[in-house]
**Q** 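Before we start, here is the structure in question, set down as structure tokens.
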Amino acid sequence: MALFDIPTTRTTREDDAALLKKMNKKVKAPSVVRGGNDISTKISTIKAMVETHLGKFRDEYIIIQDEETLHSYIDASIKTGVLSVDTETTGLDPLQDDLVGVCIYTEGEKAAYIPVGHKSYITGQLSKNQLSLETVGKEFSRIVNGVKIIMFNAAFDMRFIKNHLGVELICDWDCYLASRLLNENEPSKGLKALHKKYILRGEEDAFKFDDLFKGMNFAFVPVNTAYLYAAHDAIITYELYKYQLPFLSPDNVECKTRGLTDVAWVFHNIEMPCVKVVADMEDTGVAFDLYYAAQLKEKYSVLIDEKQKEVYKLIDMYRDEIEKYCIKTTNNKLDDPINIDSPTQLAILLYDIIGVKSVDKKSPRGTGEDILKKIDLPVCNAILEYRAYKKLMSTYIDKLPECVNKKDGRIHCKFNQYGADTGRFSSQDPNLQNIPSHNKDIRKMFVASPGYVLMSADYSQQEPKAMTMMCGDPKMIDAYKHGKDLYAEIAALSFNTTYENCLEFRPDGTTNPEGKNRRSQAKSILLGVLYGRGVPSIAEQLGTTTNKAQAIKDSVFKGFPAIEQFEQDSLQMAEDLGYVTTLWGRKRRLPDMQLPDYEFTWKDGVAPDDDPLNFDDEEEEMAEVPDELIHRYLKKLRSTWGSKKIDIFQEANAEGVWIVDNTKKKADAQRQCVNARIQGSAADMSKLAMIKIGNDPRLKELGFRMLIPVHDEIIAECPKENAKEASERFSQLMSEAPGEKFTIPINCDVEITEQWYGERVEV
DNA sequence: CAGCTATGCGCC
DNA sequence: AAAGGGCGCATAGCTG
């Protein structure tokens, strides 16, 4: 159900403002819960649970309800110089939800909870004995300089504190980011889970917020209960910090001996400075054109309808076969009509009813894009077109307008600055890093603020350039230094021809198909190495045979031995150390690289000739499979592949030997070795650029602000009158970001528009 | 009903 | 014999 009606016409931006106001009104739910019976039961339960599990801390934590106590607590934190901070809120949106309380802890004091937004669930009124936001803000402003601030997921708390207390408290140690740098494979992602694992060593059970308060407004939890839970968070954040501290302190022996010096550098010089930049981007958001979105919705619903009709018309050609099938198989999963959004039903239609032969061995009943393209039936092609429209509609055209913040009409997504294990950002709610770019319509929903222009700057060939620097090949470096096209240069030197013969266009402007072909072959090989892509797959992309692709790859490796060397070095590094590193020293741990290809154990942990009644073999010492047997099987396995391997596993199984096959895991890890170094280095570089840009005083004066990082690209906006100077500075800072690590030129084109991907604007 | 996985597809 | 790195999200279909 729509919360409001999208207008079909628009005259001015003021209409948008009115529209938002209208939305606001309808959205406002009664803030006072009638009766409150449910809620009071829930609160009683919470009270009891908190008392049982956290009651023991009742005297160890305090509630701060007067200014003097807060003042002296802040004094104490100024003395210790370190303060952990955690916020309690009514929700996850720092712009639309409220601050309920702040917890702080400094060594030598009891953990303290400062309630500011607790309310009566009956009257909806603010509870008594709470400090005002102003007072807390005033006290917090005393620690913006000189006190080291510890948080977990700092951008979140920093935003709530900035937006509700009016203080820019900048975090110095984000335990989440520290944890990601220390082990990006760590399965425990949350504060409680990490604390339980590393501080309590798994001894105690920790409450997560949702365990206790799911479906509950934290503002309604009585202060006397809330403080036990909340203050606990400030303590465990601090304890986690103390645990992490030595590992990420460059002078500490723990840091040095564990090879974390560079990782610590990345933490202090890339990740932590990036937090404020991220918090600012999330607060800024990006302007959105609701009217245009409504127009797109009309346009695409028509297209979807037409395509859907076409699909069903084509399916109807098979109606006799469908009927036959339905009679034959009474218990099939087909809806009437067939749901073409269901891969299950579509597979039945294609493979069982129409009788299409599988085109992909890996997924014989697949209905993905590649497979449907290969099948190349009119139905399949129509379905693909239908799916393309449908995807745009559901994921973008329908979804994005719902994400518009009712207060400011902008979309504020959440960036996870260590979202990918390689160090890349990710974005969610909504994901602004996968807005369609091929399609010319969708991105235009994103617009500049009134009076502003959008600026997008992207690194050209960021990853190939990172690869060039990391493998240090002089010919590649030279190509970039002389402003040549790298792929053409690689093609020229690998295929023993001239550079000009490897370009798509001749100097006179006519096209050169052979040149284009050579260039794209070189490109496929280089990017193939970068992605760990196999030769047959490259062959498929180039439309040639595996043998020919292999020959092309050999030529490129011969012409550029540094590329092959880099690949070998990266594999070797991971095998020896268990991790690879980026240009700036971030690590990507790939423990699977150190696995043996196969592992052998006795089935059930017992050798077949063991006497089950003999208990003299103390302490379940796992009997080992004799080397001789292992060698016999290894020899067999290494000269066999594919489905025949299964026969060998079964043969071993019959003998009581259990074989674990790690070869798939290892192959996966091998592909990641090169890619993680390149992708990670590129991510480091992009973050350095964001920090430079975010802290540039001149850009700030010009009213420039970053909006969205898209891996090798930054979208920003700036008042139109300052656009010229800002764009030049923007581009320059991007180019300078990698510093002396890059000895090749980096140029960044800045596009200035009013809509994302719209027409260029002259400034 | 929520929560999970599988499949499919948007981006770099 | 096969053979593509890194994300988040929508939908279907199953489970508790």
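Here the structure is a predicted model, which means the values were calculated and not measured. Chain letters run A, B, ... following the sequence lines, proteins first, then strands; residues in each count from 1.
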**Q** Give a yes/no verdict on a cation-pi contact between A:Arg519 and A:Tyr487, requiring under 6.0 Å between NZ or CZ and the six-membered ring centre and an angle within 45° of the axis.
**A** no
**Q** Between B:dC9 and C:dA2, how far apart are the C1' atoms? Round to whole Å, please.
**A** 23 Å
**Q** Who pairs with A:Thr582 by side-chain hydrogen bond (donor to acceptor under 3.5 Å, both in side chains), at least two apart in sequence or on another chain?
**A** A:Asp684
**Q** For DNA chain B, find the residues of residues 360-389 of chain A with a heavy-atom distance under 4.0 Å and give them by number; none if there aren't any.
**A** A:Gly366, A:Thr367, A:Gly368, A:Glu369, A:Arg387
**Q** I'd like to check the salt bridge (charged side-chain N to carboxylate O under 4.0 Å, His left out) partners of A:Lys307; sequence neighbours left out, ordered by chain and number.
**A** A:Glu310, A:Glu385
**Q** Give the first and the last nucleotide of DNA chain B, reading 5' to 3', that has any atom under 4.0 Å from a heavy atom of chain A.
**A** B:dG3 to B:dC12
**Q** Base, sugar-phosphate, or nothing for A:Leu392, non-hydrogen atoms under 4.0 angstrom?
**A** nothing
**Q** Figure out the CZ/P separation between A:Arg671 and C:dG5, and round it to whole Å.
**A** 4 Å
**Q** Across nucleotides 6-16 of chain C, 5' to 3', mark each nucleotide with B, S or - according to how protein heavy atoms within less than 4.0 Å reach it.
**A** BSBSSSSSS--
**Q** What residues in residues 528-557 of chain A put a non-hydrogen atom under 4.0 Å from any atom of DNA chain C?
**A** A:Tyr531, A:Gly532, A:Arg533, A:Gly534, A:Pro536, A:Ser537
**Q** With sequence neighbours left out, what residues match A:Gln417 under side-chain hydrogen bond (donor to acceptor under 3.5 Å, both in side chains)?
**A** A:Glu271
**Q** Find out whether the Lys NZ or Arg CZ of A:Lys465 is both under 6.0 angstrom from the six-membered ring centre of A:Tyr480 and within 45° of the ring's axis.
**A** yes
**Q** The test is side-chain hydrogen bond (donor to acceptor under 3.5 Å, both in side chains); show your working for A:Arg677 and A:Ser570 and say whether it passes.
**A** CA-CA 8 Å; A:Arg677 301 186 77 183; A:Ser570 302; 2.9 Å; yes
**Q** A:Asp341: what forms a salt bridge (charged side-chain N to carboxylate O under 4.0 Å, His left out) with it, not counting sequence neighbours?
**A** A:Lys390
**Q** Scan residues 413-448 of chain A for pairs that pass ring-ring contact (aromatic ring centres under 6.0 Å, His included), counting only residues two or more places apart or in two chains.
**A** A:Phe288-A:Phe446, A:Phe446-A:Trp756
**Q** side-chain hydrogen bond (donor to acceptor under 3.5 Å, both in side chains) with A:Gln650: which residues, sequence neighbours excluded?
**A** none
**Q** Could you pull out all residues at least two apart from A:Arg671 that satisfy side-chain hydrogen bond (donor to acceptor under 3.5 Å, both in side chains)?
**A** A:Asp668
**Q** Would you mind reporting whether A:Thr284 and A:Met281 have side-chain heavy atoms less than 4.5 Å apart?
**A** no
**Q** For A:Lys299, enumerate each residue passing the salt bridge (charged side-chain N to carboxylate O under 4.0 Å, His left out) test, keeping only those at least two apart in sequence or located in another chain.
**A** A:Asp441
**Q** Give the intermediate values and the outcome of side-chain hydrogen bond (donor to acceptor under 3.5 Å, both in side chains) for residues A:Thr753 and A:Gln755.
**A** CA-CA 6 Å; A:Thr753 60; A:Gln755 305 159 313; over 6 Å; no
